[in-house]
Amino acid sequence: VNTGVSQSVYQLDTSGMQRLTANPQVLLPGQSLKLPGDRGTITFTGYVPWVSLAITHDPGQLPALICGIAALGGLLISFMIRRRRVFVRATGGIRDRAGEHGTTVQVGGLARTDASGGFEAEFAALAAELRSAHEQAGPHQPPAAHHQHEGE
Amino acid sequence: MPVNVALGHVSNAFLIAALVIYSLSVIAFAGDFAFGRPRRAAVARGQQAQDRAAALATVGAAGSTAGASGLPGAPEVPPVPGAAPVPGAPADGPVGGADSMPELAVPALRAIREAGRWVLAALALSSAGVLAHTAAVITRGLAVHRAPWGNMYEFVTALTCVAAIFFLFAMIRYRAWTLGVFVMGAVVVTLGLAETLIYTAAGELVPALQSYWLDIHVTAMTLATGIFFVAAVLGFVYLWVDRYAKRVTAGRAVPGNGIIRRLPSIEQIDRLTYRTIVFGFPVWTFGVIAGAIWADQAWGRYWGWDPVETWAFITWVLYAAFLHARATAGWRGRRAHYIQLLGFTSLIFNILVVQVFIAGLHSYAGVS
């Protein structure tokens, strides 16, 4: 034991030991067993109940738990919320080629998080909706759509 | 309560049945490539390209009149950059946008019927396989009176079940049955390997695992691994299609590969992979946190850099890197998928190498 080589408490290192043939026998405390070939006796002297305890104190536990839950919540929110902006600008008093005054409607879109895609289609649908609303309102030239799509 | 051995045998029979049915579904998926209806796909593509061209014409024309003015506060960019051809996209494929999944307009059942007899057969077989697989997992759980993912063999059968259920759902939701041959094929191989190499009969758990935290922590890890499994297969398909498109551009391959032509476009595969990982990532995060809480109860500290804890964290970092890479110029596409596959590699390394061969507190694999 005191050679410096570490040994497991739970496993016996049997190298360098010799196996004896003896009748296995249940021993109660105080009983002994004679070993064959006059090698002496083994006596079960008794046992001491023991328990192994590891006591830790970590004041950082609760903050770590709260931060972990907050991180998970933030993660879910960041995945569920899609940030995108749409700008609509109507400019009046512009003379077109035919010499008529009209209003130019510009539509711009900016997707901040569009990793799963779909903003372009959404923007096109919005522009189409504006256009059809305009066509219902009056027989003017269609509004101009300007699509600005920036990466995430 | 003793282990119900008879029910354990029922579970094994269900699992073998699932394996056979899955194999048949893979054959049916492959049969669709060989004998299915390529015409419909081509017609849909053509229609889609026309729609796209029409949309581009109107938006482009408007952009040329209004593009110069820009918008206040918004940085100047060339008009309609989002519609510019994406480098590496197949020349005959559609480009970008959610409208690149036009089939979504058609109800799922009709879309399946229109996809032809092979797809119908493959989906029916996949569903039957999933039912048998789920029955196998449930009967195993009833036989051993606990969550049936307490050792390596049970974990693999459960995670492939998650992968199959998840992919069946995604396949129908996104009409992506042409990807079925890859994912279901991978499920068949994994399940077959588990069955032949690491089969463990229904049995009791080591006392350290007999906790309700097994139901929370390991369930989350199983779910996430099953989902990441699907993402990894899709990542390989992505890299294959991407490589082919690059070779076509370089003139080193003939365009119109019979299989790739019928797969969803590379953007659709990319987006499906992304959605899969976005679904799996919070589950993995939750699993790691739940594991930390269990570790605190069982070992007196919530994080001790145990090998398995460390590798779960490395996996988490890699998948987080994938999510960031997709939003970083120069890292999206191919490179992002490399990161994703690296994440899955570290996950597999954790399961196969760290838990089995490296001594730590997590040595419960039951493989010897």
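Remember, it's a predicted structure, so these values are computed and weren't measured experimentally. Residue numbers begin at 1 in each chain, while the letters A, B, ... track the order of the sequences.
Between F279(B) and F79(A), the closest side-chain pair of non-hydrogen atoms is not below 4.5 Å.
Enclosure of atom CZ in R334(B) by more than 12 non-hydrogen atoms of other residues, nucleotides or ligands within 6.0 angstrom is indicated. Counting heavy atoms of neighbouring residues, nucleotides and ligands inside a 6.0 Å radius, atom CZ of F169(B) does not exceed 12 of them. Within a 6.0 Å sphere centred on CD of E129(A), other residues, nucleotides and ligands contribute 12 heavy atoms or fewer. Residue W213(B) places its CH2 atom among more than 12 non-hydrogen atoms of other residues, nucleotides or ligands, all under 6.0 Å distant.
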Carefully, step by step, assess D296(B) and Q61(A) under the rule side chain to side chain contact (heavy atoms under 4.5 Å, CB included).
CA-CA 9 Å; D296(B) 186 52; Q61(A) 264 182 356; 2.4 Å; yes
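Residue L65(A) touches chain B through its side chain alone, counting heavy-atom pairs closer than 4.5 Å.
Summarising the geometry of L76(A) relative to P282(B), their closest heavy-atom pair is CD2-CB, 3.7 Å, with the distance given to 0.1 Å.
With T285(B) contributing its side chain and L72(A) its backbone, the two residues share no donor-acceptor pair below 3.5 Å.
The CH2 atom of W284(B) sits 14.5 Å away from the CG atom of L75(A) when rounded to the nearest 0.5 Å.
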